[in-house]
Amino acid sequence: MKYLDEFRDPDIARKILGEIRRVTTRPWVIMEICGGQTHSIIKNGIHQLLPDEIELVHGPGCPVCVTPLELIDRAVAIASKPGVIFTSFGDMLRVPGSRKDLFMVKSEGGDVRVVYSPLDAVKLARDNPDRHVVFFAVGFETTAPNNAMAVWQAHREGLDNFSVLVSHVLVPPAMSALLSSPNNRVQGYLAAGHVCTIMGWEEYEPIVEQFRVPVVVTGFEPVDILEGVLMVVTQLEQGISRVENQYSRAVRREGNMPARDLIRRVFEISDRKWRGIGSIPMSGFKLRAEFAAHDAELLFDAGAIQVDEPEICISGLVLQGLKKPYECPAFGKECTPMTPLGATMVSTEGACAAYHSYHRHQLVPDVTS
């Protein structure tokens, strides 16, 4: 199969579902890593079509959701400073900080702008030499090459009025951290296909060797996900574990080498805090010392950051696959996409937003919005 329609074909999906039912003999818990996969699963009702023995749980693969509250508060503080043009992708503007979000900063007169590429932010710096332009560099390995290119370009041009607020996280360390938890329920992974287009799938081999869990690199269309589930369940039923690549039309074992090389030149691996999970050793990127002049955290004194997470929100447990969004007492009531308490509801890739968009009327019958 090569084209999009084939990965949405109902007849092909039915055949794979039949094969999943045939090979499944006992309960299994499988985690999809990516929020895009979560949305495809809920939107297409895949979780309802699978045999009762197979439970899909939703992982921490939403970059907006796992950006720590301290970074949101720091972004708000920097964006509020005079002379700053703060730039970001649109989905970060509505993520609530402890007291306000970036939209509120904009409504109060802050110069907060949505861009569609970090290179747009570099252009703003080039066109506004008397202002300082900050880009909120959030994401997994998928966005790291673009952000690295922006820093590389600004450095090469000598644009000392451009910096990035970095909150890059890495998928494999988070997978290992979840498997190491005493509360872990995950028995197999659907790895995020787009992350693997950049980094390849060789990084998952040590995880499989250490924890003996199947990892299947999986795409995002319904047939992709069903094939990925079938490949994981087949391994589990046979008592084997290895890395397999369902998304072979886009992913190679070594990934995209030029992109990986650019990432390595600009970033180095560091410890990172994940919202709802906590600090995970060597799970993120920070700028290398030679690019310190473009590091917004070093350039701006954001003052003392005192975070204030809403007590009722269970997004941290959702991100670890320990709870489903509808198990939150605030789901669809106090917490909606218009009034989000946590990032999993505000982000377009968040698990709570997925259930609210496609499944809320079955979960919360009195919801009318």
Side-chain angles (χ1 to χ4, degrees), residues 26-35 37-38 54-63 65-71 139-142 144 167-193 195-196 198-218 228-229 231-233 235-244 267-286 309 313-325 327 342-344 349-351:
R26 68 192 107 166
W28 300 111
V29 178
I30 301 170
M31 174 177 278
E32 83 275 1
I33 297 296
C34 177
Q37 292 172 333
T38 301
I54 298 176
E55 180 184 0
L56 297 181
V57 294
H58 319 304
C62 163
C65 302
V66 299
T67 299
L69 192 55
E70 292 92 327
L71 259 295
F140 289 90
E141 296 91 330
T142 44
S167 184
H168 269 299
V169 288
L170 307 174
V171 170
M175 294 168 66
S176 296
L178 294 179
L179 293 171
S180 300
S181 168
N183 299 318
N184 173 57
R185 300 177 60 229
V186 178
Q187 295 168 291
Y189 277 118
L190 303 181
V195 169
C196 297
I198 303 297
M199 305 303 288
W201 50 264
E202 59 190 6
E203 292 186 323
Y204 301 106
E205 292 173 327
I207 296 174
V208 169
E209 183 175 348
Q210 179 180 356
F211 297 99
R212 302 297 178 189
V213 296
V215 176
V216 175
V217 179
T218 304
V229 170
M231 293 164 77
V232 170
V233 172
Q235 287 194 50
L236 289 169
E237 291 283 348
Q238 294 177 355
I240 61 176
S241 54
R242 62 188 177 214
V243 184
E244 292 184 314
F267 294 116
E268 60 182 321
I269 294 176
S270 66
D271 297 347
R272 273 285 167 191
K273 184 175 181 180
W274 296 55
R275 190 171 188 172
I277 298 177
S279 182
I280 301 176
M282 307 305 281
S283 68
F285 286 137
K286 67 176 183 180
E309 289 272 12
C313 180
I314 66 166
S315 58
L317 298 176
V318 173
L319 291 169
Q320 297 175 67
L322 300 176
K323 293 283 187 181
K324 297 290 176 61
E327 295 180 88
T344 48
E349 292 188 31

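Because only heavy atoms are used, hydrogens play no part in the values below, and waters and symmetry mates are left out as well, while side chains stay in.
The side-chain hydrogen bond (donor to acceptor under 3.5 Å, both in side chains) search around Glu237 returns Thr25, Trp28, not counting sequence neighbours. Trp274 pairs by the side-chain hydrogen bond (donor to acceptor under 3.5 Å, both in side chains) definition with Ser283, not counting sequence neighbours. Residues satisfying the side chain to side chain contact (heavy atoms under 4.5 Å, CB included) test with Leu179, not counting sequence neighbours, are Asn184, Val186, Tyr189, Ile207, Phe211, Val213. By the side chain to side chain contact (heavy atoms under 4.5 Å, CB included) test, Pro214 is found to be paired with Val232, Gln235, Leu236, Ser241, residues two or more places apart in sequence or in another chain being considered. Considering only residues two or more places apart in sequence or on other chains, Thr344 meets the side-chain hydrogen bond (donor to acceptor under 3.5 Å, both in side chains) condition with none of them. The side-chain hydrogen bond (donor to acceptor under 3.5 Å, both in side chains) check on Arg185 picks up Glu55, with sequence neighbours excluded.
Here the shortest heavy-atom pairing between Ala351 and Val318 reads CB-CG1, 3.8 Å. Across Pro63 and Gly139, no two heavy atoms sit closer than the pair CB-CA, 3.5 Å. Across Tyr204 and Ala191, no two heavy atoms sit closer than the pair CZ-CB, 4.2 Å. The shortest non-hydrogen separation linking Asn183 to Leu322 is O-CD2, 3.3 Å. For the residue pair Met175 and Ile33, the shortest heavy atom distance occurs at CG-CD1, 3.8 Å. Residues Arg275 and Leu69 come closest through the heavy atom pair NH2-CD1, 3.4 Å.
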Query raised in the report: Stepwise, does the side chain to side chain contact (heavy atoms under 4.5 Å, CB included) test hold for Val57 with Lys324?
Result: CA-CA 8 Å; Val57 294; Lys324 297 290 176 61; 4.0 Å; yes
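Within the 4.5 Å cutoff, side-chain heavy atoms of Ser167 are placed close to those of Pro68. Residues His58 and Glu32 meet the side-chain proximity criterion, which asks for heavy atoms closer than 4.5 Å. Residues Ile198 and Phe140 form no side-chain contact, since every pair of their non-hydrogen atoms from C-beta on lies 4.5 Å or further apart. Met282 has its side chain within reach of Asp271: a pair of non-hydrogen atoms, C-beta onward, lies under 4.5 Å apart.
By the 6.0 Å contact criterion, CD on Glu202 is enclosed, its count of non-hydrogen atoms from other residues, nucleotides or ligands being greater than 12.
Rounding to the nearest 0.5 Å gives a distance of 11.0 Å between CD of Gln320 and CD1 of Ile314. Considering CD1 of Ile277 and CG of Leu178, their distance stands at 5.5 Å, rounded to 0.5 Å. Note that the OG atom of Ser180 and the CD atom of Gln210 stand 6.0 Å from one another [nearest 0.5 Å]. With rounding to the nearest 0.5 angstrom, the NZ atom of Lys273 is 12.0 Å from the CD1 atom of Ile280. To the nearest 0.5 Å, the span separating OG1 on Thr67 from NE2 on His168 amounts to 10.0 Å. Going from atom CG of Leu190 over to atom SG of Cys34 covers 10.5 Å, rounded to the nearest 0.5 Å.
Although no hydrogens or angles enter the test, the distance criterion places a donor-acceptor pair under 3.5 Å between the side chain of Gln37 and the main chain of Thr218. Checked by atom type and distance alone, the side chain of Arg272 pairs as donor or acceptor with a backbone atom of Phe285 at under 3.5 Å. Judged by distance alone, with hydrogens and angles left aside, the side-chain atoms of Glu141 form no donor-acceptor pair with the main-chain N or O of Leu170 at under 3.5 Å.
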